[in-house]
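Before we start, here is the structure in question, set down as structure tokens.
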Amino acid sequence: AEGLRGALGPFGFEVHAFKVGWYNAVLQPTFHLPYPDDTLAFVVLSTPSMFDKALKPFVNKERLKIIRDPVDQCVSHHLSRVKEKFPDQKVDVIFDYEILPSRKPKFLAQTAAHVAGAAYYYQRKDVKLDPWGKKKIYGVCIHPKYGGWFAIRGLLLFPDIQVPFLEQSAPVDCVSTEEKRIELLEQFNFHWQNGHYRDIIQVKERYSEEQKAYFATPPAERFRLLGLTQEAQ
């Protein structure tokens with residue numbers, strides 16, 4: 001874990017360890033990760049500083065090789081470098097944007113973040129008296145330090161490392177009142193564009209104005225913002 005933090009921390013990523021069994025235990029079999037329960041895994045988050053520490057340098061260096069969304073490619077570059085750092089270990093990487101042939105995501109990011117203790121996944125079931133009736137209400141993860149100003153980017157799995165004694169730590173329940181939870185789910189589901197849900201708690205750091213503008217731009221137009229030429233597309 002220290003080696004991973006050393007490899008990814010300086011680029012604005014956070015890593016949290018979990019056992020595959022903790023994840024599989026809370027999901028239906030169709031979503032299970034196909035590894036034994038004690039297999040070591042890590043969920044990787046990007047924090048607000050990833051934009052300056054990883055994305056901009058990556059784009060400056062690789063500008064002609066960027067052929068899909070720069071963020072996905074930057075994350076992929078950094079997580080693939082982890083494999084090089086551990087040459088004698090088998091490392092499987094699953095990215096947040098990967099889907100199965102059935103169109104299901106390869107992993108449920110918010111569940112992974114919750115079981116790893118990285119961020120609390122607030123769902124409709126966390127509200128006792130629920131005002132939404134028949135509406136579909138999606139859950140959302142809140143980080144104790146960054147609120148909603150972070151993203152879950154992928155999983156790193158170490159199939160040959162079994163950790164039967166890994167202790168599970170619960171995520172910080174930072175939105176602990178009923179009123180706040182209702183407000184959070186309401187904002188996230190019906191007003192997510194304005195981003196208020198991200199500030200449901202006092203955050204230590206949020207995205208810069210430049211970063212907000214970047215993520216608010218459709219992926220195909222992000223090239224222009226970063227000064228990438230059309231050829232790159």
Side-chain angles (χ1 to χ4, degrees), residues 1-50 54 75-76 78-83 85-86 89-98 104-123 125-126 138-176 184 188 198 200-201 203-205:
E2 286 319 300
L4 270 188
R5 287 194 186 96
L8 293 170
F11 297 100
F13 295 102
E14 235 183 46
V15 292
H16 296 264
F18 68 98
K19 286 203 300 197
V20 165
W22 302 343
Y23 173 90
N24 287 352
V26 295
L27 291 169
Q28 279 126 1
T30 49
F31 284 110
H32 285 184
L33 294 167
Y35 300 86
D37 280 353
D38 286 336
T39 306
L40 176 63
F42 293 87
V43 64
V44 180
L45 314 179
S46 59
T47 73
S49 67
M50 187 274 286
V75 169
S76 163
H78 283 288
L79 296 192
S80 307
R81 278 186 50 211
V82 166
K83 291 184 166 190
K85 272 213 136 70
F86 300 99
Q89 283 304 338
K90 184 163 160 32
V91 186
D92 294 343
V93 185
I94 310 178
F95 296 102
D96 65 307
Y97 50 81
E98 292 186 276
K104 281 197 177 83
K106 280 199 178 174
F107 78 103
L108 298 181
Q110 310 210 86
T111 301
H114 188 95
V115 299
Y120 200 108
Y121 184 24
Y122 290 98
Q123 301 176 73
K125 64 181 173 55
D126 295 308
Y138 293 94
V140 59
C141 269
I142 295 295
H143 188 287
K145 193 167 156 196
Y146 304 115
W149 301 101
F150 76 101
I152 302 158
R153 298 296 179 186
L155 297 184
L156 294 167
L157 295 125
F158 290 81
D160 300 333
I161 303 181
Q162 300 296 303
V163 284
F165 303 112
L166 191 64
E167 293 271 309
Q168 187 167 14
S169 49
V172 180
D173 179 6
C174 46
V175 186
S176 50
L184 169 64
F188 179 69
R198 298 176 188 269
I200 193 77
I201 58 167
V203 298
K204 301 264 190 308
E205 201 185 333

Q: Rounded to the nearest 0.5 Å, what's the gap from CD1 on Ile94 to CG on Leu79? Could you check?
A: 11.5 Å

Q. Could you give the distance from CZ (Arg198) to CD1 (Ile142), rounded to the nearest 0.5 Å?
A. 9.0 Å

Q. So which pairs with a foot in residues 108-122 pass side-chain hydrogen bond (donor to acceptor under 3.5 Å, both in side chains), sequence neighbours left out?
A. Tyr122-Asp173

Q | Under the salt bridge (charged side-chain N to carboxylate O under 4.0 Å, His left out) test, residues paired with Glu2 that sit two or more places apart | A | Arg5

Q: Kindly write out the residues that satisfy salt bridge (charged side-chain N to carboxylate O under 4.0 Å, His left out) with Glu205, not counting sequence neighbours, or none if the list is empty.
A: none

Q) So, does Lys106 use its side chain to make a donor-acceptor pair with the main chain of Phe95 at under 3.5 Å? A) no

Q.
Please find the pair of heavy atoms, one from Ala119 and one from Phe150, that lie closest to each other, and give the distance.
A. CB-CZ, 3.9 Å

Q | Heavy-atom pair with the smallest gap, counting every atom of Leu45 and Ala118 | A | CD1-CB, 4.0 Å

Q | CG-CZ distance between Asp38 and Phe165, expressed to the nearest 0.5 angstrom | A | 8.5 Å

Q) How far apart are the closest heavy atoms of Phe188 and Gly139, and which atoms are they? A) CE2-O, 3.4 Å

Indicate every side-chain donor-acceptor pair of residues 7-17 with a distance under 3.5 Å to a residue at least two apart or in another chain.
residue : atom : partner : partner atom : Å
Glu14   : OE1  : His16   : NE2          : 2.7
Glu14   : OE1  : His143  : NE2          : 2.9
Glu14   : OE2  : His143  : NE2          : 3.2

Q | Distance, nearest 0.5 Å, that separates CG of Leu40 from CG of Leu156 | A | 9.5 Å

Q.
Quick check against the 3.5 Å criterion: does Gln168 have a side-chain atom that pairs as donor or acceptor with the backbone of Val115?
A. yes

Q: Would you name the heavy atoms of Leu155 and Ala112 that are closest together and state the gap between them?
A: CD2-CB, 3.9 Å

Q) Distance from Phe18 atom CZ to Leu166 atom CG, nearest 0.5 Å? A) 10.5 Å

(Q) I'd like to know whether OH of Tyr138 has more than 12 heavy-atom contacts from other residues, nucleotides or ligands below 6.0 angstrom. (A) no

Below 3.5 Å, can you tabulate the donor-acceptor pairs from side chains in residues 28-37 to any protein atom, sequence neighbours excluded?
residue : atom : partner : partner atom : Å
His32   : NE2  : Asn24   : O            : 2.8
His32   : NE2  : Leu27   : O            : 2.8
Tyr35   : OH   : Asp92   : OD2          : 2.6

Q. Which pairs, with at least one residue in residues 144-153 and sequence neighbours excluded, count as a side-chain hydrogen bond (donor to acceptor under 3.5 Å, both in side chains)?
A. Ser46-Arg153, Trp149-Asp199

Q | Point-to-point distance, once rounded to the nearest 0.5 Å, from CG of Leu157 to NZ of Lys90 | A | 9.5 Å

Q.
On a heavy-atom basis, which atom in Ala41 and which in Val20 lie closest, and how many Å separate them?
A. CB-CG2, 4.3 Å

Q: Find out whether Leu4 and Phe158 are in side-chain contact, i.e. whether some heavy atom of one side chain is under 4.5 Å from a heavy atom of the other.
A: yes

